[in-house]
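Have a look at the structure below before the remarks.
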Amino acid sequence: MRQQVRQVIDATLHALKASGALTFDTIPNYAVELPKKLEHGDWACNVAMVMSKGRNAPELADLIIKNLVDPHSSVVSVEKAGPGFLNFRLKDIVFQRVVTEVLKAGVQFGRRAPKSTGKKVMVEFVSANPTGPVHIGHARGAFMGDAIARLLDAAGHDVTREFYINDFGKQVETLGRTVYKRYREQFGEAITLVEGEYPAEYVIDIAKTWKAEVGDSFLNKPEAEWLPAAIEVGTRENLKAIKATLAKANITHDVFFSEASLHASGAVRSIVDVYKARGVTYEATEGKRKDNKEKVRDAESKAAKYADRQLGGTFLMTATWQDEKGKTPLKDEEDRIILRADGTPVYLTADLAYHKAKFDRGFDLAVDVFGADHAGHVPRIQSGMHLLGIDSKKLEFVLVQIVRITRGGEEVKVSKRKGTLFELADLIDEAGADVCRFIFLMKTRDAQFDFDLDAVTKQSKDNPVFYFQYGHARCASILKKAAEKGVPFVGADKVTDAHLARLVLPEEKMMLKKISQLPDVVASAADRLEPHHVLYYCQELIGDFHAYYTQYKSDPIISDDAEKTQGRLALVAALKQTLQSAFKILGIDAPEHMEAPPEEA
RNA sequence: GCGCCCGUAGCUCAGCUGGAUAGAGCAUCGGCCUUCUAAGCCGAGGGUCGUGGGUUCGAGUCCCGCCGGGCGCGCCA
């Protein structure tokens, strides 16, 4: 519907240009939007103000109105208003056809054809360390990443959802050592954990599993034998638990990509060689690095902190690299080490190799969903990709801000080290997957917010997600009721213009306008990687529907007037389809039926 | 100290990349179930959009300063 208004405006402007009344190169970017006030018409357009850039906006508006070209004759009237708005009113049939459009599109409504953009997109999200379960700290990024992937899929991209497994390095080694201690404990040995090892109970479970599998065969073996085995069983079991939790949350990944495999395949080594060949590295024997203000930062404080470590190594010019013009465009604060003095790579080195691999695998866009605590990592990867000659537009970061978890007004601290975990699985058991997902998606991604466990778990009846789902269930219920009463909706193929012509109430037209917007909402939310726009869109639409439903109880949808009933049932069916499409993009269930919970005493 | 994010109703948050009289949910108060589900609807109260400048036809939205809060600033991953 919005497109039709655009067509009218574009046609009019081109006609004015052809007649010499107006001069312009290209039509500037103008908006066609739903006005808040009904007296401002069906659609409002700011093109006169955008094009006039000043005084004569009202004159230009008049000119457009006088010379209006209406190719599909869909316009009833255009008025000039305020500082130069054009307020359009459209014929009823334009609204009514929205119903048939939606019903014909079915589950595809609101979406572009699958993979129609030809763009390969990877969304990397969760990527929780395989050293423990998924906890509440991961929840926001998990639901956000999942929703972004769904959104990009709906927008017609070829989406791969990926989980990067950090199964290499010190942390998994520590896990392995903890697992082995717990394993020995199973045979009656008294053990003590040292600082940094994982005290939580799940490690004991892993040890039990291991014992059941291999018996005592690792008890008196050298470290070289038990450590790799303990790491293997530890990461495997944790990953199994992570996958189970994600499944519970209705979150799926297509690929689990192992960091260790990058080391094994030589990809990590080879990226260092690539950087060296491009001349963007240097050796610093004393552990000194440069930052982009051309100072040499002293590593003394760090040397004190890591006194046991030999400083120096190979640095990547993530800050000080200069382009042909001698400028330093990279945003990192200082150059980063990629090979330690002993020649071993660091975490960043592997991550750079991983990101390079993403583009080598043919992705046109890589979206990384991180927690804000990884913000410092972003410029390093951006710089690293730039130094490979990869267009920075092909890599986008979504940083979800920290979530404060509160219960009874007190903050719940999450710490894997201290063993005080609040697992996502437990939260889902308490509150339900849809409720959790909804609460995390309601907020724009870069606002921090407080997650009140009391509100979610105790008052789930009042949770906003039910408002949404009830809207869908109400549509389903009406259609079901109509069938029971012997006047079922005739269906998308048999609904006629005569039926639809009975949709004339202002509330009905408003809903049809909004329904027609879903494709725009999805496309723009996908562009911006912001799922919450879809959610707020649903809220408005459902609010309109509930109000309509209640207001016209005396003139109900199902009435003796067969024609009107069919028209209204078609609207309800279209609305139901719209909500179902939107819910699918958000990843929440669209129930056919909902019962009010029993009143609490 | 430096970098990033945030500041909108009592609380939690939207505000469609600059548009018309700033919105929703929760909470409070008052109404609405003999007829398609009351997990719903209608109404009321509640705002110097942190603050001071700037940009322009027009600013919650863009720019600069300040105030307040969060996160980051390992050769951990």
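FYI, side chains are in, hydrogens and waters are out, and symmetry mates aren't considered; it's all heavy atoms of this structure. In what follows, chains are A, B, ... by sequence order, proteins preceding strands, each numbered from 1. Since this is a predicted model, take the numbers as computed values, not measurements.
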In this structure, how many angstroms lie between the P atom of B/G25 and the CD1 atom of A/Ile542, rounded?
12 Å
Report the distance from atom NZ of A/Lys80 to atom C1' of B/A20, rounded to the nearest whole Å.
15 Å
N/O (side chain, A/His377) to phosphate O (OP1/OP2, B/C73) under 4.0 Å:
no
Between C1' of B/U61 and CZ of A/Arg528, the distance in whole Å
11 Å
What's A/His532 touching, base or sugar-phosphate or nothing? Going by heavy atoms closer than 4.0 Å.
sugar-phosphate
Please report the distance separating the C1' of B/C11 from the corresponding atom of B/U28, rounded so that it comes out in whole Å.
12 Å
Ring of A/Tyr467 versus six-membered ring of B/A39: centres under 5.5 Å and planes under 30°?
no
Can you tell me how far P of B/C57 sits from OH of A/Tyr30, to the nearest Å?
22 Å
A/Trp43 vs A/Leu34 side-chain heavy atoms within contact, under 4.5 Å:
yes
Verify salt bridge (Lys or Arg N to Asp or Glu O under 4.0 Å) between A/Arg502 and A/Asp561, making sure each step is shown before the conclusion.
CA-CA 10 Å; A/Arg502 304 299 295 274; A/Asp561 184 335; 2.6 Å; yes
When the P atoms of B/C66 and B/C2 are considered, how many whole Å apart are they?
9 Å
Stem segments of RNA chain B by first residue number [Watson-Crick or G-U, under 3.5 Å, at least 3]
B:1-7 with B:67-73, B:10-13 with B:23-26, B:28-32 with B:40-44, B:50-54 with B:62-66
Assigned glycosidic conformation for B/U34 [threshold 90° from 0]:
anti
Looking at every strand, decide which applies to A/Gln551 at a 4.0 Å heavy-atom threshold: base, sugar-phosphate, or nothing.
nothing
Could you tell me whether the side chain of A/Leu316 reaches within less than 4.5 Å of the side chain of A/Thr349, counting heavy atoms only?
no
Selected nucleotide, minimal atom distance to A/Phe315 side chain, candidates B/A77, B/C75, B/A24
B/C75
So A/His533, base contact, sugar-phosphate only, or nothing? Heavy-atom distance under 4.0 Å.
sugar-phosphate
If you only use heavy atoms from C-beta on, which nucleotide in B/C36, B/A77, B/C2 is closest to the side chain of A/Asn129?
B/A77
As a test of reading the structure: which of B/A77, B/A20, B/A39 is closest to the side chain of A/Met594, going by heavy atoms?
B/A39
Between A/Arg340 and B/C76, is there a contact of a side-chain N or O with OP1 or OP2 at under 4.0 Å?
yes
Per nearest nucleotide of RNA chain B, the residue lying toward the 5' end, A/Ala375 or A/Lys481, is A/Lys481
Closest of B/C36, B/A77, B/G40 to the A/Thr550 side chain is B/G40
Has the side chain of A/Gln171 got a donor or acceptor atom sitting under 3.5 Å from an opposite partner on the base of B/C76?
yes
Nearest-angstrom distance, C1' atom, B/A27 to B/A9
11 Å
Classify the nucleic acid contact of A/Lys480 as base, sugar-phosphate or nothing, counting any heavy atom under 4.0 Å across all strands shown.
nothing
Out of B/C73, B/G19, B/C36, which has the shortest distance to the side chain of A/Lys553?
B/C36
note: A/Tyr552, atom OH; B/U35, atom C1'; distance rounded to Å ~ 18 Å
Taking O4'-C1'-N9-C4 for purines and O4'-C1'-N1-C2 for pyrimidines, is B/C33 syn (within 90° of 0) or anti?
syn
Whole angstroms only, please: what is the CZ-C1' distance between A/Phe397 and B/C4?
14 Å
Using atom C1' in both nucleotides, what's the gap between B/U17 and B/G46 to the nearest angstrom?
30 Å
Rounded to the nearest angstrom, tell me the gap between atom CZ in A/Phe440 and atom P in B/A14.
14 Å
Sugar-phosphate only, base, or nothing, as touched by A/Ile478 at under 4.0 Å among non-hydrogen atoms
sugar-phosphate
May I ask you to verify whether the side chain of A/Asp373 and the base of B/A77 hold a donor-acceptor pair under 3.5 Å?
no
What integer distance in Å separates A/Gln401:CD from B/U12:C1'?
17 Å
Using atom C1' in both nucleotides, what's the gap between B/U8 and B/G15 to the nearest angstrom?
9 Å
Give the C-alpha distance, both sets of side-chain angles, the deciding distance and a yes or no for salt bridge (Lys or Arg N to Asp or Glu O under 4.0 Å) between A/Arg437 and A/Asp589.
CA-CA 11 Å; A/Arg437 173 182 287 263; A/Asp589 190 36; over 6 Å; no
Answer yes or no: does a side-chain N or O of A/Lys170 lie under 4.0 Å from OP1 or OP2 of B/C76?
yes
On the nucleotide B/A38, are OP1 or OP2 found under 4.0 Å from the side-chain N or O atoms that A/Arg474 carries?
yes
Say we look at B/C42 and B/G47: how far apart would their P atoms be, to the nearest angstrom?
22 Å
Distance, P atom - from B/G23 to B/G65, rounded to whole angstrom:
32 Å
Categorize A/Phe85 for me: base, sugar-phosphate, or nothing, with a 4.0 angstrom heavy-atom threshold over every strand shown.
base
Is there a donor-acceptor contact under 3.5 Å from the side chain of A/Ser477 to the main chain of A/Ala473?
no
Base, sugar-phosphate, or nothing: which does A/Phe438 touch, judged by heavy atoms less than 4.0 Å apart?
nothing
Please classify the nucleic acid contact of A/Tyr549 as base, sugar-phosphate, or nothing, using heavy-atom distances under 4.0 Å.
base
With respect to A/Asp42, which candidate in A/Arg89, A/Lys513, A/Arg2 satisfies the salt bridge (charged side-chain N to carboxylate O under 4.0 Å, His left out) definition?
A/Lys513
With a non-hydrogen cut-off below 4.0 angstrom, is A/Ala350 in contact with a base, only sugar-phosphate, or nothing?
nothing
At under 4.0 Å between heavy atoms, what does A/Ala372 touch on the DNA or RNA strands: base, sugar-phosphate, or nothing?
sugar-phosphate
Short question: side chain of A/His546, backbone of A/Gly543 - any donor-acceptor pair under 3.5 Å?
no
For residues A/Glu162 and A/Tyr354, is any side-chain donor paired with an opposing acceptor at under 3.5 Å?
yes
May I ask you to say what A/Ala31 touches in the nucleic acid, namely base, sugar-phosphate or nothing, with a heavy-atom cut-off under 4.0 Å?
nothing
Pairwise 5' ranking along RNA chain B for A/Glu259 and A/His546, keeping only the more 5' one:
A/His546
For the side chain of A/Gln566 and the backbone of A/Pro488, is there at least one donor-acceptor N/O pair under 3.5 Å apart?
yes
What's the verdict on side-chain contact (heavy atoms from CB on, under 4.5 Å) for A/Thr131 and A/Thr174, showing C-alpha distance, side-chain angles and the deciding distance?
CA-CA 9 Å; A/Thr131 52; A/Thr174 304; over 6 Å; no
Which part of the nucleic acid, if any, lies within reach of A/Asn87 when heavy atoms closer than 4.0 Å are counted: base, sugar-phosphate only, or nothing?
base
Suppose you measure atom P in B/C26 against the same atom in B/C63; what distance do you get, rounded to whole Å?
35 Å
Can A/Asp434 and A/Gln469 be said to form a side-chain hydrogen bond (donor to acceptor under 3.5 Å, both in side chains), step by step?
CA-CA 10 Å; A/Asp434 282 353; A/Gln469 296 182 323; 3.0 Å; yes
Nearest to the A/Glu333 side chain among B/C73, B/A24, B/G19, which nucleotide is it?
B/C73
